[in-house]
Amino acid sequence: MFNIHTSQEDGTLYFDVTGRIDSITAPKFEEAVNAINLSSVQKIVIDCSRLDFISSAGLRVLLKLRNHTTEDTEIEAINVTPAVKDIFEITGFSDIITIRSDSDPSEAQKVSAVFFDIDGTLLSHSTGQVPQSARDAIAEMQGKGVKAIICTGRDIGEVEKLPLTDIPFDGYLTLNGNLCLDKNKKMFAGNPIDPGEVDILVRIFQASRIPFVLIGENKRYINYVDDVVIDTQNSTKGTIPDIGEYRGEKIYQCLAFVQDKERLMLENMLDMCTITSWNKTGIDIISRSGGKAAGLELFLDKYDLRRGETMAFGDGQNDIEMIRYAGIGVAMGNALDTVKSAADYVTTDVDDDGVANALRHFKVID
């Protein structure tokens with residue numbers, strides 16, 4: 001996945017890049033450069049912490065950027081990985097732009113927004129509550145002007161039934177980031193599943209061979225309920241949707257209650273969707289262009305925030321892209337090993353003050 005986010009502040013132009021800049025993605029990078037009036041820019045900062053690779057096509061865009069700015073305009077590449085640094089060195093780009101390697105993650109770093117998964121991250125599986133240490137930490141960071149945003153696979157109706165409605169979050173990225181709501185729970189962006197793919201998903205729903213849920217902006221409904229649905233939802237303290245019929249609305253997410261065989265079949269069959277597991281018998285189906293990372297990007301665009309100034313906390317498979325996308329990705333101590341491998345930092349368990357300990361480690365709170 002390639003993404004580029006731009007922002008400007010006090011004469012400094014920021015580029016946050018995720019993925020590879022090569023012959024396929026370089027035009028998008030160049031398009032972002034061409035859209036900016038460089039005459040008022042005094043400094044350019046390129047955050048390379050999520051830049052996996054840069055080819056000659058990407059280097060040509062950097063060279064164009066250098067040639068279209070004055071000699072007094074400093075271009076700085078920060079958080080450069082060893083692999084990308086080697087490319088800058090051998091091509092001599094280290095002579096025309098300032099290269100700064102990855103910094104120690106324990107050093108103070110500006111954080112403007114923190115994104116939280118709910119289940120297993122904010123909400124303890126053992127107690128069914130948000131630890132008081134997490135509540136206090138969120139209140140302290142918000143008091144310092146840092147935004148706290150929910151990013152969950154649940155819909156807003158389910159979120160409102162959980163014991164965290166008294167926390168004044170600054171936004172809600174629901175349905176795995178595919179439905180974005182502001183602090184007043186008003187939708188400002190969404191990423192629905194392609195209508196053609198929805199036709200097939202509706203067929204699955206109507207065939208009723210497996211328990212299947214369709215989720216629109218304001219409603220979710222299931223085709224039928226069996227013991228697998230009941231046991232799966234009870235294990236996650238989830239609620240069971242009403243049985244209903246599809247009436248043509250946009251679909252932002254589907255749920256299926258299946259075994260491994262059915263999951264694999266759906267994964268291979270659906271060309272325009274991606275699937276993640278949240279339980280042994282529960283899966284989310286969303287647009288291939290969606291996900292929690294895409295939701296973060298939509299939130300950053302709305303509030304003009306920099307990706308490099310974000311943190312994300314998670315513990316499950318559907319949190320991996322979000323953790324990789326954020327400036328600082330944190331895995332809970334109770335997270336899956338794959339989530340821990342994707343994170344910049346692994347904190348303690350949710351029941352062992354994991355949220356507060358990580359925020360304190362990165363000096364977001366005292």
Side-chain angles (χ1 to χ4, degrees), residues 3 5 7 14 16-18 47-50 78-79 102-123 130-131 133-152 164 167-173 176-177 180 183 291-316 318-335 339-350 352-366:
N3 279 296
H5 180 263
S7 59
Y14 297 95
D16 293 321
V17 185
T18 299
D47 189 340
C48 300
S49 58
R50 306 294 180 183
I78 64 172
N79 302 322
D102 293 317
S103 58
D104 183 347
S106 65
E107 294 178 1
Q109 177 176 338
K110 182 180 178 182
V111 174
S112 301
V114 183
F115 297 83
F116 298 97
D117 170 55
I118 293 180
D119 299 286
T121 298
L122 280 181
L123 200 66
V130 179
S133 62
R135 291 175 171 272
D136 294 341
I138 291 171
E140 182 178 343
M141 72 179 220
Q142 287 181 312
K144 295 182 177 183
V146 181
K147 295 182 183 297
I149 304 97
I150 287 290
C151 194
T152 177
L164 44 71
I167 303 174
F169 290 104
D170 298 289
Y172 301 83
L173 308 182
N176 287 304
C180 305
K183 64 181 181 180
K292 291 189 175 184
L296 262 67
E297 185 174 15
L298 290 170
F299 189 91
L300 298 184
D301 286 340
K302 177 174 175 60
Y303 293 100
D304 196 25
L305 299 171
R306 295 185 56 219
R307 180 177 60 84
E309 296 177 1
T310 62
M311 287 182 71
F313 285 75
D315 70 305
N318 62 348
D319 298 318
I320 291 176
E321 283 193 1
M322 171 178 74
I323 284 173
R324 286 175 174 162
Y325 179 84
I328 300 171
V330 180
M332 304 301 291
N334 48 279
V339 181
K340 292 178 179 179
S341 298
D344 300 302
Y345 181 72
V346 179
T347 187
T348 50
D349 286 16
V350 59
D352 190 20
D353 304 328
V355 167
N357 287 338
L359 290 173
R360 195 169 292 114
H361 174 81
F362 287 100
K363 300 178 173 57
V364 180
I365 61 173
D366 298 326

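Heavy-atom basis, side chains included; hydrogens, waters and symmetry copies ignored.
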Heavy-atom pair with the smallest gap, counting every atom of Leu305 and Ser112: CD2-CB, 4.1 Å
Exam field: side chain Asp319 to backbone Gly316, donor-acceptor pair closer than 3.5 Å: yes
Could you list the donor-acceptor pairs under 3.5 angstrom formed by side chains in residues 321-334, with sequence neighbours left out?
unit_1, atom_1, unit_2, atom_2, d
Asn334, OD1, Val350, N, 2.9
Asn334, ND2, Gly120, O, 2.9

Heavy-atom pair of closest approach, residues Ala113 and Val146: N-CG1, 3.9 Å
Heavy-atom closest contact (Lys183 atom, Phe169 atom, distance): CB-O, 3.4 Å
Spacing of Phe313 atom CZ and Thr347 atom OG1 [to the nearest 0.5 Å]: 6.5 Å
Side-chain heavy-atom pair Val111, Met141 within 4.5 angstrom cut-off: no
Intermediate values then yes/no, side chain to side chain contact (heavy atoms under 4.5 Å, CB included), Leu359 and Met311: CA-CA 9 Å; Leu359 290 173; Met311 287 182 71; 4.0 Å; yes
Side chain to side chain, Leu296 and His5, heavy atoms closer than 4.5 Å: no
Ring-face cation of Lys147 near Tyr303 (centre distance under 6.0 Å, axis angle within 45°): yes
Geometric class of the His361/Tyr345 ring pair [parallel <30°, tilted 30-60°, perpendicular >60°]: parallel
Heavy-atom closest contact (Ile149 atom, Leu173 atom, distance): CG2-CG, 4.0 Å
Closest non-hydrogen atom pair between Asp47 and Arg307, with its separation: O-NH2, 3.9 Å
Asp16 CG to Asn79 CG distance, which is reported to the nearest 0.5 Å: 9.5 Å
Any side-chain donor near an acceptor of the partner, Asp304 and Ser7, under 3.5 Å: no
Side chain to side chain contact (heavy atoms under 4.5 Å, CB included) partners of Thr348, counting only residues at least two apart: Asp352, Asn357
Within-4.5 Å side-chain heavy-atom neighbours: Val355 and Leu122: yes
Test item: Ile78 and Tyr14 side chains (from C-beta on) under 4.5 Å apart, heavy atoms: no
Side-chain donor/acceptor of Lys292 to backbone N/O of Cys151, under 3.5 Å: yes
Asp353/Arg360 salt bridge by N-O under 4.0 Å criterion: no
Side chain Asp170, main chain Ala148, donor-acceptor under 3.5 Å: yes
Interatomic distance, Ile118 atom CD1 to Asp315 atom CG [nearest 0.5 angstrom]: 11.5 Å
Residue pair Ile167 / Arg135, side-chain heavy-atom distance below 4.5 Å: yes
